[in-house]
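See below for the structure under consideration.
Whatever order the structure lists them in is the order used to number ligands and atoms, beginning at 1. Note that the structure is a prediction, hence the values are computed from the model and not measured.
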Amino acid sequence: MKMLFLTICLTFLLFGVSNTLDNGLADAPPMGWMHWQRFRCVIDCETYPDECVSEQLFRNMADLMVSEGYLEAGYEYIIVDDCWASKKRALNGSLVADPVRFPNGIKALADYVHSKGLKFGLYGDYGNLTCAGYPGSIDHMELDVNTFAAWGVDYIKLDGCYADQETMEQGYAEYGRYMNETGRPMVYSCSWPAYQEPFNIKPNYHALRKTCNLWRNWDDIDDSWESVSSIVTWFVKNQDRIAPFSGPGHWNDPDMLIIGNYGLTVPQAKAQMTIWSIMSAPLIMSNDLRAIDEEYKKILLNRDAIAINQDYLGKIGKQVLVKKKVAVWTKVIMPNISGHPSYAVGIVSNRTDGFAYKVDFPLKDLNLDAPHGYFVQNVFEDQADFDIPSNGSISMRIIPTGGVLLKLTPRMKYSEIQIIQSEITVDKI
Ligand code: GLA
């Protein structure tokens with residue numbers, strides 16, 4: 001009897017497919033491009049040939065992701081959001097792409113994206129219909145997951161429109177189990193908290209962390225500073241509750257980067273990049289890569305900001321202080337020198353008084369306590385690096401609604417450097 005029990009357990013362990021996500025993906029927050037914020041559900045390709053949600057749009061974006069250096073900087077997923085499908089399923093029940101806008105089907109598009117060295121993401125919805133009214137997956141979960149896998153999808157965004165919020169925790173887990181069963185590693189982006197939090201239902205973040213690689217917690221982003229600000233306000237209000245669930249393999253998602261569109265000034269774009277980097281948010285751009293001003297492109301491609309976002313430790317940063325409408329954010333990052341961590345520090349102003357406001361934040365108020373102070377790199381500005389002694393302050397002028405991202409590395413005494421050098425030499429021997 002005991003033997004039988006053991007055999008059953010072992011068989012389950014070896015062959016059983018669990019609900020827990022086991023794809024080994026998203027060690028760092030996913031990076032890519034998604035059409036929704038910028039291109040929405042434009043389906044009239046006759047009137048808007050360059051903007052409609054079509055195979056051509058994604059091919060163009062895939063080309064630019066490579067030729068303009070986004071892929072090289074880490075943006076690897078091209079994600080098709082809502083409005084790609086036909087309103088009717090095929091006779092066998094499977095989803096099909098709109099035949100006019102995607103004449104070669106989704107598999108051909110995924111193949112093209114792969115041929116460029118990129119990965120391919122696709123949108124689905126857990127409920128009866130997608131938010132824009134296309135077929136949802138509720139009665140076809142297994143079939144839809146298998147179809148996506150057969151098409152070569154690497155990332156699924158599963159939205160939650162037209163669905164019962166109460167069943168989402170279990171339903172999303174079931175969908176995730178079908179994803180596991182395909183054997184194809186696909187990033188799983190879930191939206192279920194965005195359908196619970198606004199209705200004062202507290203999502204089960206333990207289950208989210210087990211089930212999904214990333215999850216949309218809150219409202220959709222729009223192309224404005226007000227929208228960025230209101231999303232950030234929600235995340236700050238809830239940071240202590242949601243931060244513990246973020247880390248390698250599973251991330252909170254405040255929605256897309258809107259940098260390079262119409263709505264943000266350059267300082268505001270730096271502010272969005274600063275906060276998203278410190279919050280370890282997925283960096284999914286939604287913009288028109290054919291028409292981005294150089295200044296915005298530089299922000300999106302800033303290697304140091306990206307390195308802070310993708311930092312190997314996978315810590316999530318938080319807002320730690322607000323003084324006179326200027327907020328300070330900190331995140332622990334690599335390297336840890338002589339037992340003292342390095343930090344990314346974000347300073348974001350919500351002031352609108354029309355002049356560069358002088359701030360002064362003593363290191364001790366921010367709990368930054370390396371004994372010999374820090375070397376400070378000003379991430380978005382060239383040649384603006386400086387030192388701060390341990391009893392010093394971060395002092396600078398901040399443009400209204402602007403953001404500054406700093407990287408603080410602990411300074412060492414010469415004798416400490418010598419000790420480290422001798423340890424390295426000993427190691428080599
Ligand atoms: C919801 C999502 C958005 C987008 C649209 C598509 O609003 O939150 O990100 O996917 O649906 O219809």
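You'll find the side chain of Asp125 reaches within 4.5 Å of the side chain of Cys131, heavy atoms only.
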Which protein N or O atoms sit under 3.5 Å from any N or O of ligand 1? Give atom names and distances.
from     : atom 1 : to     : atom 2 : distance (Å)
ligand 1 : 7 (O)  : Asp220 : OD2    : 2.6
ligand 1 : 8 (O)  : Arg216 : NH1    : 3.2
ligand 1 : 8 (O)  : Asp220 : OD1    : 2.6
ligand 1 : 8 (O)  : Asp220 : OD2    : 3.4
ligand 1 : 9 (O)  : Lys157 : NZ     : 2.8
ligand 1 : 9 (O)  : Arg216 : NH1    : 3.2
ligand 1 : 10 (O) : Asp81  : OD1    : 2.7
ligand 1 : 10 (O) : Asp81  : OD2    : 3.3
ligand 1 : 10 (O) : Lys157 : NZ     : 3.0
ligand 1 : 11 (O) : Asp159 : OD2    : 2.9
ligand 1 : 12 (O) : Asp82  : OD2    : 2.7

Atom pairs and distances, side-chain donor-acceptor, residues 355-369, under 3.5 Å, sequence neighbours left out:
from   : atom 1 : to     : atom 2 : distance (Å)
Asp360 : OD1    : Ser395 : OG     : 2.5
Asp360 : OD2    : Ser393 : OG     : 3.4

Please output the side-chain donor-acceptor pairs of residues 144-153 that fall under 3.5 Å, not counting sequence neighbours, one pair per line with the distance.
from   : atom 1 : to     : atom 2 : distance (Å)
Asp144 : OD1    : Arg89  : NH1    : 2.9
Asp144 : OD2    : Arg89  : NH2    : 2.9
Asp144 : OD2    : Ser137 : OG     : 2.6
Asn146 : ND2    : Glu142 : O      : 3.3
Thr147 : OG1    : Leu143 : O      : 2.6

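To the nearest 0.5 angstrom, Trp218 atom CH2 is 10.0 Å from Ile231 atom CD1.
Within the structure, the disulfide bond (SG atoms under 2.5 Å apart) test picks out the following pairs touching residues 60-125 (sequence neighbours left out): Cys41-Cys83.
Closest non-hydrogen pair, Gln37 versus Met256, comes out as N-SD, 3.7 Å.
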